[in-house]
Enquirer: 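Can you read through this structure? Questions will come right after.
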Protein chains: 2
Amino acid sequence: MSAPASKSPATLHDVAREAGVSLATASRSLNGSARKVNEAYRQRVVEAAQRLGYTTNLFAQAVAKGSTTTVALLVADIADPYFSSIAAGVIDAASEEGLVVTIAVTGRNAQRELDTVRALRGQRPRVLILAGSRTTGSAFEEHLRAELSSFEDTGGKVAFISQDAAPFATVLLDNRGGAHDLAVSLAGLGYRDFAVIAGPSEIRTSEERLDGFTAGLAEHGISLPPERVVHADFTRDGGYRGTQELLASGAHMDLVFAANDVMAVGVVSALRDAGIAPGEGIGVAGYDDIPTVRDITPALTTVRIPLEDVGRRALQLATGSAYDGGADSGAGPTPITTETIIRGSTPRR
Amino acid sequence: MSAPASKSPATLHDVAREAGVSLATASRSLNGSARKVNEAYRQRVVEAAQRLGYTTNLFAQAVAKGSTTTVALLVADIADPYFSSIAAGVIDAASEEGLVVTIAVTGRNAQRELDTVRALRGQRPRVLILAGSRTTGSAFEEHLRAELSSFEDTGGKVAFISQDAAPFATVLLDNRGGAHDLAVSLAGLGYRDFAVIAGPSEIRTSEERLDGFTAGLAEHGISLPPERVVHADFTRDGGYRGTQELLASGAHMDLVFAANDVMAVGVVSALRDAGIAPGEGIGVAGYDDIPTVRDITPALTTVRIPLEDVGRRALQLATGSAYDGGADSGAGPTPITTETIIRGSTPRR
DNA sequence: CTGTTAGCGCGTTCAT
DNA sequence: ATGAACGCGCTAACAG
């Protein structure tokens, strides 16, 4: 019932007229970079703009300037704490630079990821950040790289999070090293019979963690029999079901390592539901240190990743605003410090 | 070191030339609404576009058409499961309609919220969704309304989540009713000495829940003494500290209700750290039913809100694509069904 | 320092 | 059905 009269927003033209100056002057006083405009005029323009409720049309500005203030972020699942924490970092860093971030989700589907990247290019974002769990081996992989290369050729900047994806900038997470150290720590605590619940085998992050973990155990002369490694969805429910599978197989184990915290949470619940006290009967460890793992019982042993920082770094890496002292900053991968955190879920045996 | 030659992306013009047709024909074959173009031509254009790696410049398109394909979403904190779940719903529904969503965070700061809305208007979004916890009483409130009204006057659509904010469209969450029912259920379980850890008193969502809870108790002849109500940050740590405060006051209580689940998680941890078994010594209840509360120990009693649906509904409400059969759908508030979920944290006494 | 003019990439009349 | 020309809101290069 309200007036659908829908006037269009005030334009710079309107403001100029209202202030009695030229379009150029209005533009300069409102957005211009090198400000060289009479203060009196500037005042009038600003006031006129205010009076009219004018806001710069970013789209038009982008078209005219040929560059946008948009950052596109691609995640597998925004409701997953891992990604939402990273997103928080990206958004924070972006807003500091006056950039707006648009988020798209891929649902861990390679085809969809490719489509999304293509669609996103229509936005002509200044930078494109891919935080999705890189998958491996698919034909999409090379299509994606082609798409991204072409994106960079036309002035865009891309940043990956997690796996090195040369020649693109990368915030490198040392999944292998982190999992390796975790394994060493756990072995040091006295654990001997390990089992791993990994994500789908196409997910690189998961595979790297599995590799590193295996390597770490090997250093202690502990081997990880294939039947003690199960693959499941990279989600809480995946962890839950993986545990059930492990339990059903009758495997003997004193510690379960889940490839990420979200899965580990599922592991803990599954153990408990099966009548096994997590941390007492069987130790549990995860990876990421998402906020909630401090609050489950027992608190989860994990490998800490400064998720928000990772997001922030990714953006800075792409925009070139990183504090990196590196000689060639922006080109090489930026390593992130990771740390094993022992909590109640893995008491000394 | 790589070629910074940075050619600009292919334009529609390039495609037209490559295909040997006019700009208009190219436009019609690629984006046109009413398609009335010779199939042979269309083919050639599409192929040319593919060959050149052309992607429609959404900004330019927006400028030309005067309308965008952007949805702006405002949340208090994207890393908070409450908001990230809602965001997931919004993004999902948006992508179904070919809309891109940009997310901005306010950090529960009214001034910043206002600034952000203003900045976001520059994007000329089709719809603006405010999921942030509405604050009350501040002068910003009316500035915000003015800003939003003006946004709607110029063709935008705004949708609120949670509190009714007439005349704007709203996905109404019945905080009062939900908390009321929760209180009734808890009283029915035998609890008598209640305490509440609410959020900051300016946050409406928190106040409504407190109100409803108090009313529900009253129906059972139970009163909630003022000293049993503490206010704290609307975060996990807020819940933790609020609990410590409550404990320090020596208050006698058999149940703690936290105004949201994130806080309740903090409550559970604080109790445990204080040597009190949550669920045995003192019952704990929250609100929202965020994913993790199933996995903490004991599992948390709470009021379930279908968060993703809420996000989806908000978008549909704003774009008018809701399935609502309502006569005046789009104008009135859309109620969401909420439900009390009793779990291990509140055993019968 | 200011105003005029010509684009930016695209959609859309208007003729043809 | 197709193409030429104009306009969207804004910036940038050009004169004054």
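Proteins get letters first, then strands, A, B, ... in listed order; numbering begins at 1 in each. Quick caveat, the model's predicted, so the values are computed rather than measured.
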Enquirer: Would you mind reading off the distance between B/L12 atom CG and D/dG3 atom P, rounded to a whole angstrom?
Expert: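 It works out to 13 Å between those atoms.
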Enquirer: Describe the nucleic acid contact of B/F59 in one word from base, sugar-phosphate, nothing, applying a heavy-atom distance below 4.0 Å.
Expert: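 Result for B/F59 = nothing.
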Enquirer: Please report the distance, rounded to the nearest Å, between CZ in B/R17 and P in C/dG9.
Expert: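 Interatomic distance, CZ of B/R17 to P of C/dG9: 12 Å.
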Enquirer: From D/dG9, D/dA4, C/dC10, pick the nucleotide closest to the side chain of A/V63?
Expert: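 Selected nucleotide: D/dG9.
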Enquirer: Would you indicate, yes or no, if C/dG11 has its OP1 or OP2 atom less than 4.0 angstrom from a side-chain nitrogen or oxygen of B/Q61?
Expert: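 Indeed, a polar side-chain atom of B/Q61 lies that close.
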Enquirer: Looking only at side-chain N and O atoms, does B/S27 come under 4.0 Å of OP1 or OP2 in C/dC10?
Expert: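 No, B/S27 has no side-chain N/O under 4.0 Å of OP1/OP2 on C/dC10.
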Enquirer: Provide, to the nearest angstrom, the distance between the NE2 atom belonging to A/H13 and the P atom belonging to D/dC8.
Expert: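 After rounding, the reported distance stands at 9 Å.
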Enquirer: When the distance from CZ of A/R42 to P of C/dC1 is rounded to whole Å, what number comes out?
Expert: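 Value for this atom pair: 13 Å.
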Enquirer: Let me know the distance between CZ of A/R121 and P of C/dG9, rounded to the nearest Å.
Expert: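 For the pair A/R121 CZ and C/dG9 P, the rounded distance is 15 Å.
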Enquirer: Do the side chain of B/R28 and the base of D/dG3 come within less than 3.5 angstrom through a donor-acceptor pair of N or O atoms?
Expert: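 Counting by modelled atom types and ignoring angles, a donor-acceptor contact under 3.5 Å is found here.
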Enquirer: Can you check whether A/R108's main-chain N or O pairs, donor with acceptor, with A/T106's side chain at less than 3.5 Å?
Expert: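 Between the backbone of A/R108 and the side chain of A/T106 there is a qualifying donor-acceptor contact (under 3.5 Å).
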Enquirer: Please report, rounded to the nearest Å, how far the P atom of C/dT13 is from the NZ atom of B/K65.
Expert: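 Rounding to the nearest Å, NZ of B/K65 and P of C/dT13 are 12 Å apart.
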Enquirer: Atom CG of B/N57 and atom C1' of D/dC10: how far apart are they, to the nearest Å?
Expert: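 From B/N57 CG to D/dC10 C1': 14 Å.
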Enquirer: Name the closest nucleotide to the A/S22 side chain, picking from D/dA12, D/dC10, C/dG3.
Expert: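 For A/S22, the side-chain atoms sit closest to C/dG3.
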Enquirer: Near A/Q50 CD, under 6.0 Å, is it more than 12 heavy atoms from other residues, nucleotides or ligands?
Expert: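 Open.
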Enquirer: Select base, sugar-phosphate, or nothing to describe what A/L23 touches, counting heavy atoms under 4.0 Å on all strands.
Expert: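 If one applies the 4.0 Å heavy-atom cut-off, A/L23 turns out to touch a base.
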Enquirer: What orientation do B/F59 and A/F59 show, parallel under 30°, tilted 30 to 60°, or perpendicular over 60°?
Expert: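 Parallel: the ring planes of B/F59 and A/F59 meet at under 30°.
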Enquirer: Out of D/dG3, C/dC8, D/dG7, which nucleotide sits closest to the side chain of B/T25?
Expert: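 Closest nucleotide to the B/T25 side chain: D/dG3.
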Enquirer: Give the intermediate values and the outcome of salt bridge (charged side-chain N to carboxylate O under 4.0 Å, His left out) for residues A/E152 and A/R145.
Expert: CA-CA 10 Å; A/E152 288 212 318; A/R145 297 182 84 88; over 6 Å; no
Enquirer: Measuring from the side chain of A/A24 (C-beta onward, heavy atoms only), which nucleotide among C/dG11, D/dT2, C/dG3 has the closest atom?
Expert: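 Looking only at heavy atoms from C-beta outward on A/A24, the closest nucleotide is C/dG3.
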Enquirer: So does B/R204 pair up with B/E141, basic N to acidic O under 4.0 Å?
Expert: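 Yes, charged N to carboxylate O under 4.0 Å.
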Enquirer: Do the side-chain N or O atoms of A/N31 get closer than 4.0 angstrom to the phosphate oxygens (OP1, OP2) of D/dC10?
Expert: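 Answer no for this pair, as no side-chain N or O of A/N31 is under 4.0 Å from OP1 or OP2.
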Enquirer: Could you tell me how far apart A/L30 (CG) and D/dG9 (P) are, to the nearest whole angstrom?
Expert: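 Those two atoms, CG and P, are 16 Å apart.
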Enquirer: Would you mind telling me which of C/dC1, D/dA4, D/dT11 lies closest to the side-chain atoms of A/N38?
Expert: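 Of C/dC1, D/dA4, D/dT11, C/dC1 is nearest to the side chain of A/N38.
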